[in-house]
Number of protein chains: 2
Amino acid sequence: MITFSKQDFLKNIYKQKEKGNDSTSASYLADVLNVSNAAISDMSKKLSIDGLIHYRPYKGLVLTSQGEKEALKVLRRHRLWEMFLVKTLGMDWSEVHEEAENLEHLSSDQLMDKIDAFLDFPDFDPHGSPIPDRDGNMPDSPVLILLNKAKTGEEYKIARVMDSDNKIIKYLGKAGLVIGARIKIIDKFDFDNSINVLINGKEMILSEKVSKTIYLELLN
Amino acid sequence: MITFSKQDFLKNIYKQKEKGNDSTSASYLADVLNVSNAAISDMSKKLSIDGLIHYRPYKGLVLTSQGEKEALKVLRRHRLWEMFLVKTLGMDWSEVHEEAENLEHLSSDQLMDKIDAFLDFPDFDPHGSPIPDRDGNMPDSPVLILLNKAKTGEEYKIARVMDSDNKIIKYLGKAGLVIGARIKIIDKFDFDNSINVLINGKEMILSEKVSKTIYLELLN
DNA sequence: ATATTTTTTTAAGCTTACTTAAATTTAAAC
DNA sequence: GTTTAAATTTAAGTAAGCTTAAAAAAATAT
């Protein structure tokens, strides 16, 4: 079993790729992993030797296919655990991220397969993130648009919120900004990138920070 | 949160105490933790500084009350996870020990309380080991006798099997030597300490190794 | 009671995953 | 196209948790 640090490293490169970034910068990783740039450099060499990333000094970091496999396993564990904590134990969607950050590191494939079956093979976790199957295949999912970039007048469905500060997730829940909720873009404000939306018949203003954590699916 | 190594260290001192040994020798710990005696010496100093064990060079290791509290938390996590794996996910009692060895290290108190409630607050795990409650209190349990020391002619109930080699646990299951099963001691053999027992109407010979993992409760 | 054996500790060294500080490479500004 | 700024790497060092080998203490045998 690969170390915790390596799992986190690979996972975050994959998450960048999921967001559309073909490669990940050292400084970005240093930031999300809360370590120094030097530590990233160090680890990059090791993971390169392990055959898990493509590494060329001063260039962005890219997963090898083996590295991606590892990353997908970590994400599978994380997202299945989140689903379990919410669906089976009734925890709030704002509480489960941190717990899953721990559990993701050392549960066996066998255990995860059992949990997957127990949950009836969910495709998405409580935050709308896709769950890779045991072979590392992601479920089909519709094209998503960041709320930040949604069009005025259009109606959407909330499809995914990014694991971030759990205070934001808690806030989203209270505001009715949950997975599946319908949302209409009323107005966008240039001066601070806030957005005026209609959700559950109520108008509200969402800050740029909040709107950057929400992904939408366009309703036809 | 205390490190994995420290958790394992404290847990094993507690388990020795559970078996009736007031203190634990360095070499015993080195053996079960699979590290050198030097590593035990090292760690003993650190845990002593942490206030988790009483340590005097060349003397046996004893938990402080704080150390015992930590050990009980680890055991609570371990045993609740084992129960969950067997009862909820349907895993075999021979498979769950290793998985629980991992999970015990980093699940939060909050999570364990939820699992405890989900399982309806069990007093004993699938191997018959008592599960401490959230305050560290052990459930009441009857006096147990090692099968090894049971009396010829008496009838007992299997109350607990020790976490050991999972091959032994698997063997016990197949032989019907499960928690709650009734067992009668027919004969004991001095020359190799094997025991002839009656279980489910069948006679069988149990080796010393096997009989040392089984604890019994006397039937009146 | 002394000699031998066993247990434990000390000493020196290794690996992992970090740190800070300095050097280097790349990118951006003018 | 230099100069400057930003990103990255290298170098040296640290803490945790180990290792092996040697030294010391405790237990056992005779």
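Keep in mind that what you see is a predicted model, and the values were worked out from it rather than measured. Lettering follows sequence order; numbering is per chain, from 1.
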Whole-Å distance separating the [atom1] atom of [X] from the [atom2] atom of [N]:
X       : N      : atom1 : atom2 : result
A:Leu61 : D:dA7  : CG    : P     : 15 Å
A:Phe4  : D:dA16 : CZ    : C1'   : 15 Å
B:Ile2  : D:dA16 : CD1   : P     : 13 Å
B:Gln7  : D:dG17 : CD    : C1'   : 15 Å
A:Leu29 : C:dC18 : CG    : P     : 12 Å
B:Asn37 : C:dT5  : CG    : C1'   : 15 Å
B:Asn34 : D:dG17 : CG    : C1'   : 14 Å

Regarding [X] and [Y], do their side chains bring together a donor and an acceptor under 3.5 Å, going by distance alone?
X        : Y        : result
B:Glu208 : B:Asn148 : no
A:His78  : A:His97  : yes
A:Glu217 : A:Tyr156 : no

A:Phe189 and A:Phe191 aromatic ring geometry - parallel, tilted or perpendicular at 30°/60° bounds: tilted

Whether A:Phe4 and A:His105 hold their rings parallel, tilted or perpendicular, with breakpoints at 30° and 60°: parallel

Which atom of B:Glu99 lies closest to which atom of A:Leu106, heavy atoms considered: OE2-O, 4.3 Å

B:Tyr58 side chain, from C-beta outward: closest of C:dA21, D:dA16, D:dA24: D:dA24

Out of D:dG17, D:dT19, C:dT26, whichever nucleotide has its closest atom nearest the side chain of B:Ser5: D:dG17

Verdict with reasoning, A:Lys188 to A:Glu154, per salt bridge (charged side-chain N to carboxylate O under 4.0 Å, His left out): CA-CA 12 Å; A:Lys188 298 173 76 170; A:Glu154 293 282 11; over 6 Å; no

Sugar-phosphate, base or nothing in reach of B:Ser36, heavy atoms under 4.0 Å: base

Test item: B:Arg79 side-chain N/O and B:Asp125 main-chain N/O as donor-acceptor pair under 3.5 Å: no

Strand contacts (DNA chain C) in residues 39-56 of chain B, 4.0 angstrom heavy-atom criterion: B:Ser41, B:Lys45, B:Tyr55

Any residue of residues 14-28 of chain B with a heavy atom less than 4.0 Å from an atom of DNA chain C: B:Ser25, B:Ala26, B:Ser27

Sequence neighbours excluded - salt bridge (charged side-chain N to carboxylate O under 4.0 Å, His left out) pairs with any residue from residues 103-112 of chain B: B:Lys11-B:Glu104, B:Lys73-B:Asp109

